[in-house]
There are 2 protein chains.
Amino acid sequence: MSAAPASARNDKTDVVAAAMRVLADSGLPGLSMRRIADEIDVQVSALYWHFPNKQALLAAVSAQIVGAGSAPPEVDAIAQALRDRLLAHRDGAEIVSSSLALGLLELPARAALVSAARDMGLDAAAADVAADTIVHYVIGYTFHEQQRLHAAVVGAADASVDLVPEGLDDRAGDFDAGLAMIIAGVRATASVSGR
Amino acid sequence: MSAAPASARNDKTDVVAAAMRVLADSGLPGLSMRRIADEIDVQVSALYWHFPNKQALLAAVSAQIVGAGSAPPEVDAIAQALRDRLLAHRDGAEIVSSSLALGLLELPARAALVSAARDMGLDAAAADVAADTIVHYVIGYTFHEQQRLHAAVVGAADASVDLVPEGLDDRAGDFDAGLAMIIAGVRATASVSGR
DNA sequence: ACCTGAACACCGTTCAAGT
DNA sequence: ACCTGAACACCGTTCAAGT
């Protein structure tokens, strides 16, 4: 394929790719600057030529996780697609959550949610609120879920305390039910303000 | 008052109190085991007599932040009270979020939300979903807000990227609007299943 | 344009030993 | 019951210097 020759010098995308590999192997706790540097046979300090600090590197990783461009046109589908992307990468929700909170990441799904909400009849202000509410729900729910996944693997989880109880099998069902409830709220808001 | 004499030996509550002071002074990034130990003039290793590891200590801090016992009886008031407690401590939402995700914290507000949702006419399963949805929204929203607060202080914030746009003044208004939307969804769910 | 080598000021955790 | 002292294996970041 088009993988770079082993001894070439690296650019930003090589560093991000290495970080994605380390993330897949070791998760966020293992994602240190030294491990990333090792992955491309380089000194740690070399990374600081490409990125000013670790948070900036993590923001680039986050952008890769959430992907660029075209989302589906409906609120439900946009939320599901965002969740799928987060679930596709180890600790994806946590990394994205922190980049977002630091203002280092633009979330394409948010813009898509705003216009989908407007299509449902919300005014601009209400559509912003709807988008943020859904984004917080998706990221919060998925973050929680991924942390417990990891905790279960490590064996450190206390199974008696559970924010989302019942069996382990219908995680997706609970997520859907909560999302449906929020969307019902969006619809109710639309029918109040929309006439 | 009843403050312990300066040279006494410490118990769990002294350690947690010291951690709360460090948190208030320096935030979560400054909340290291060494800083906590310094705060009570003790070696770091002494902390490991009281807690098996840092996460367990943080869970005790989280429990202190969310407080014990009696919540108000209505969904809206419970959510507001939880938010107020998180906002009352620097990085409160982040600490609580992580303890919760690791299954190390029981959230009194969650039980209160479940029974408030049942009072609105939801069945048991739907009430669980409603409670989790609201908890994720409150913590997610407040986490985001506190991170940006800190980022703004540090000056590292990129003001051009904003999950929750507009002026800085009506943060609380946006939170309320999102919460109202979710509660509208809860009500809609109740009126569907409730007859 | 991209990297090395070495240093600085930190981390969480363990463990034998003390009182 | 609670703490010391010392060590281990790490961190992120900086900076002069090399090619």
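Throughout, a chain's letter reflects where its sequence line sits, starting with A, and its residues are numbered from 1.
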- Applying the 3.5 Å cut-off to both distances, the Watson-Crick or G-U partner of dC15(C) turns out to be dG5(D)
- Arg83(B) and Glu145(B) ion-paired at < 4.0 Å: yes
- Task: Could you state the atom-to-atom distance from CD of Gln43(B) to P of dG12(C) in whole Å?
- Result: 15 Å
- Item | Phe175(B)-Tyr141(B) aromatic ring centre distance below 6.0 Å | yes
- Counting only Watson-Crick or G-U wobble pairs whose two distances fall under 3.5 Å, which nucleotide matches dC10(D)? none
- Query: What's the CZ-P distance between Arg34(A) and dC10(D), to the nearest Å?
  - Reply: 10 Å
- Integer-rounded Å distance: dC3(C) P and Ile40(A) CD1: 7 Å
- Atom-pair distance (CG on Asp41(A); C1' on dC2(C)), nearest Å: 15 Å
- If we only count heavy atoms from C-beta on, is the Leu31(B) to Ser26(B) side-chain gap below 4.5 Å? no
- Between dC3(C), dT13(C), dC11(D), which nucleotide has the shortest distance from any of its atoms to the side chain of Asn10(A)? dC3(C)
- Looking only at side-chain atoms of Ser45(A), point me to the closest of dC15(D), dA6(D), dT13(C). dC15(D)
- Could you tell me which non-hydrogen atom of Val186(B) sits nearest to which non-hydrogen atom of Ala130(B), and how far apart they are? CG2-CB, 4.2 Å
- Query: What class does the angle between the rings of His144(A) and His136(B) fall in, given that below 30° is parallel, 30 to 60° is tilted and above 60° is perpendicular?
  - Reply: perpendicular
- Query: When the distance from CG of Leu28(B) to C1' of dG12(C) is rounded to whole Å, what number comes out?
  - Reply: 14 Å
- Separation of the P atoms in dA9(C) and dA9(D), to the nearest angstrom: 23 Å
- Whole Å only: how far is the CD1 atom of Ile36(A) from the C1' atom of dC3(C)? 17 Å
- Query: If the C1' atom of dC8(C) is compared with that of dC11(D), how far apart are they to the nearest Å?
  - Reply: 12 Å
- Query: Tell me, which of residues 46-63 of chain B have any heavy atom that sits under 4.0 Å from an atom in DNA chain C?
  - Reply: Tyr48(B), Asn53(B), Lys54(B)
- Steps toward side-chain hydrogen bond (donor to acceptor under 3.5 Å, both in side chains) verdict (Asp176(A), Gln80(A)): CA-CA 9 Å; Asp176(A) 291 349; Gln80(A) 294 285 355; 2.7 Å; yes
- Item | Closest to side chain of Arg9(B), choosing from dG18(C), dC11(D), dG12(C) | dG18(C)
- Show your reasoning for whether salt bridge (charged side-chain N to carboxylate O under 4.0 Å, His left out) applies to Asp128(B) and Arg110(B). CA-CA 9 Å; Asp128(B) 272 343; Arg110(B) 201 194 102 94; 3.0 Å; yes
- Task: Give the nucleotide from the list dC2(C), dC2(D), dT4(D) with an atom nearest to the side chain of Val42(B).
- Result: dT4(D)
